Amino acid sequence: MPFQPPTIYALASGRPPSAIAIVRVSGPRAAAALEMLCGGLPRARLATLTTLTAPDTGPIDQAVALWFPAPHSATGEDVAEFQLHGGRAVIAALFAALETIEGLRPAEPGEFTRRAFENGKLDLTEAEGLDDLIHADTDRQRRQALHQLRGLLGHRAQSWRQQIIEAMALVEAGIDFSDEGDVSAELMAPALARVDALKCEIQETLAASARSERLREGLQVAIAGPPNAGKSTLLNRLVRREAAIVSPHAGTTRDVIEVHLDLDGYPVTLIDTAGLRETPDPVEQEGVRRARARAEAADLVLWLCEADDAASTPPELAGDAPLWVVRNKIDLTMTSVAGEGTFAISAATGEGVDALVTALVGFARETFGGGEASLVSRARHRALLTETAEALARAGQRAGEGDEIVAEELRIAIYALGRLLGRVDVEEILDSIFREFCIGK
Ligand code: GDP
């Protein structure tokens with residue numbers, strides 16, 4: 001019997017109990033699963049109401065069954081899908097029945113998407129976009145991920161790769177005719193012109209995407225300042241005012257509290273650090289050390305101090321993050337203190353907080369680039385596109401050293417784009433990317 005890949009199954013919908021649960025089965029035995037549970041194959045791609053029945057234990061649930069014969073399915077394999085009631089016992093009974101079918105086993109994280117990738121349904125950048133879409137918290141993250149899932153970077157990379165292959169064909173033809181110097185030069189000139197244009201296009205794409213891969217992680221804003229300046233009060237006010245995504249963040253320590261905010265679609269993590277100050281207490285010193293480390297790693301530091309505290313000066317931080325001075329408790333003072341690059345607020349009453357939020361949104365827009373979702377959304381993409389552009393640049397610079405050198409640089413560029421698309425020996429990359437997925441995806 002020829003080798004058959006295992007047929008995999010998993011819950012594709014969220015954590016039970018839920019109104020409806022979706023269980024997917026993919027692989028050569030998907031039809032066997034449907035026949036056993038529904039008493040026959042439903043019509044392809046048509047929702048069919050049926051009573052799922054296990055041969056040993058009897059009826060499981062009334063459910064909708066779907067049958068997607070290969071290759072017209074999400075994974076490119078035969079796929080069965082069950083939409084049943086989302087109770088834990090219902091799902092457990094279906095899993096128990098599936099387990100009895102030979103050749104079936106539970107799916108590993110990302111295994112459905114990996115099969116889709118291996119069957120050419122998605123390239124690697126699209127698979128990454130799918131993962132980002134599932135994990136998108138804010139609207140801008142969603143739009144960027146969708147961009148990627150629709151294959152915009154993948155299609156562009158595919159076309160660049162094709163054009164470099166064509167340029168390489170010209171260079172190699174020149175090598176074959178190297179006895180006849182004129183032919184070689186005639187072929188080389190258009191190849192180099194094309195390579196130079198491609199290099200510019202890739203560099204422009206990288207520049208336009210500025211730091212947009214950071215959109216996946218979000219902007220880190222540290223709130224620092226002396227004890228009692230009102231850091232927690234400000235944090236609480238911002239959380240109440242904006243849609244806080246998660247609060248507090250897992251991994252919160254006693255010293256550092258994080259909340260994730262959605263500021264006009266930009267993901268922003270606010271970090272409330274313990275008071276930064278000199279202290280003899282060793283436990284507190286450790287807190288101050290961590291607070292300082294977080295503040296130094298942040299993209300922006302809000303230095304909060306009391307409005308009439310003229311003595312409070314921001315600390316010298318090692319990082320290159322800008323520092324905004326925010327004078328708090330203006331409700332207690334009569335003097336207007338806001339100056340250049342300084343904010344004056346009352347965390348208690350909310351006065352001045354709108355202006356601070358508007359400035360934060362502006363800062364986020366500047367950091368991420370405010371325009372349309374960009375093509376480059378991961379450090380992996382940026383690294384490989386940079387490698388491609390550099391190889392193309394070297395091909396141009398070293399043209400005088402011989403056709404073989406140019407061909408070699410073009411080969412490096414083609415290889416880098418192949419890795420971007422996941423079409424060349426990238427087993428470890430694939431493992432690390434698909435492991436990040438959820439089970440059932
Ligand atoms: P933290 O140590 O910097 O986190 O400071 P807290 O947020 O715990 O605030 C210290 C004290 O100042 C609390 O009693 C707050 O109620 C008070 N506080 C914070 N912001 C304001 C403000 O804008 N106006 C007034 N009047 N009191 C404030």
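Small disclaimer: the values here were computed from a predicted structure and weren't measured. Note that ligands are numbered from 1 as they come in the structure, with each ligand's atoms numbered from 1 the same way.
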Inset, instruction - Identify which of Gly350, Ala348, Ser232, Pro226 has a heavy atom lying nearest to atom 4 (O) of ligand 1. - result: Ser232
Inset, instruction - Using a strict cut-off of 4.0 Å, indicate which atoms of ligand 1 neighbour a heavy atom of Ser346. - result: 22 (C), 23 (O), 24 (N)
Inset, instruction - Before signing off on this row, confirm whether Ala347 and ligand 1 have an N or O atom pair separated by under 3.5 Å. - result: yes
Inset, instruction - Evaluate the side-chain proximity of Arg45 to Leu66: yes if any heavy-atom separation is below 4.5 Å, no if none is. - result: no
Inset, instruction - Have a look at Arg378 and tell me which of Thr125, Asp132, Leu420, Leu153 forms a side chain to side chain contact (heavy atoms under 4.5 Å, CB included) with it. - result: Asp132
Inset, instruction - Could you tell me which residues satisfy side chain to side chain contact (heavy atoms under 4.5 Å, CB included) with Thr75, sequence neighbours excluded, listed by chain and number? - result: Ser26, Ser73, Glu77, Val79, Phe112, Arg115
Legend entry - For atom 13 (C) of ligand 1, closest protein heavy-atom neighbour: Thr233 OG1, 4.7 Å
Inset, instruction - Specify side chain, backbone, both or neither for Asn328, according to which of its non-hydrogen atoms lie closer than 4.0 Å to ligand 1. - result: side chain
Legend entry - Closest protein heavy atom (residue, atom, distance) for atom 25 (C) of ligand 1: Asp331 OD2, 3.5 Å
Legend entry - Nearest-neighbour protein heavy atom for atom 11 (C) of ligand 1, which is reported as residue plus atom name and distance: Lys329 NZ, 4.0 Å
Inset, instruction - Please report the closest heavy-atom contact between Ile330 and Ser346, naming both atoms and the distance. - result: CG1-N, 3.7 Å
Inset, instruction - Please name all residues satisfying side chain to side chain contact (heavy atoms under 4.5 Å, CB included) with Glu126, sequence neighbours left out, ordered by chain then number. - result: Leu122, Asp123, His155
Legend entry - Protein heavy-atom partner closest to atom 2 (O) of ligand 1 - residue, atom, separation in Å: Asn228 N, 2.8 Å
Legend entry - Whether Arg194 side chain and Ile164 backbone form a donor-acceptor pair below 3.5 Å: no
Inset, instruction - Taking all heavy atoms of Leu98 and all of Leu104, pick out the closest pair and write down the distance. - result: O-CD2, 3.6 Å
Legend entry - Short N or O distance, Gly230 and ligand 1, threshold 3.5 Å exclusive: yes
Inset, instruction - Provide the number and element of each atom of ligand 1 under 4.0 Å from a heavy atom of Leu332. - result: 26 (N)
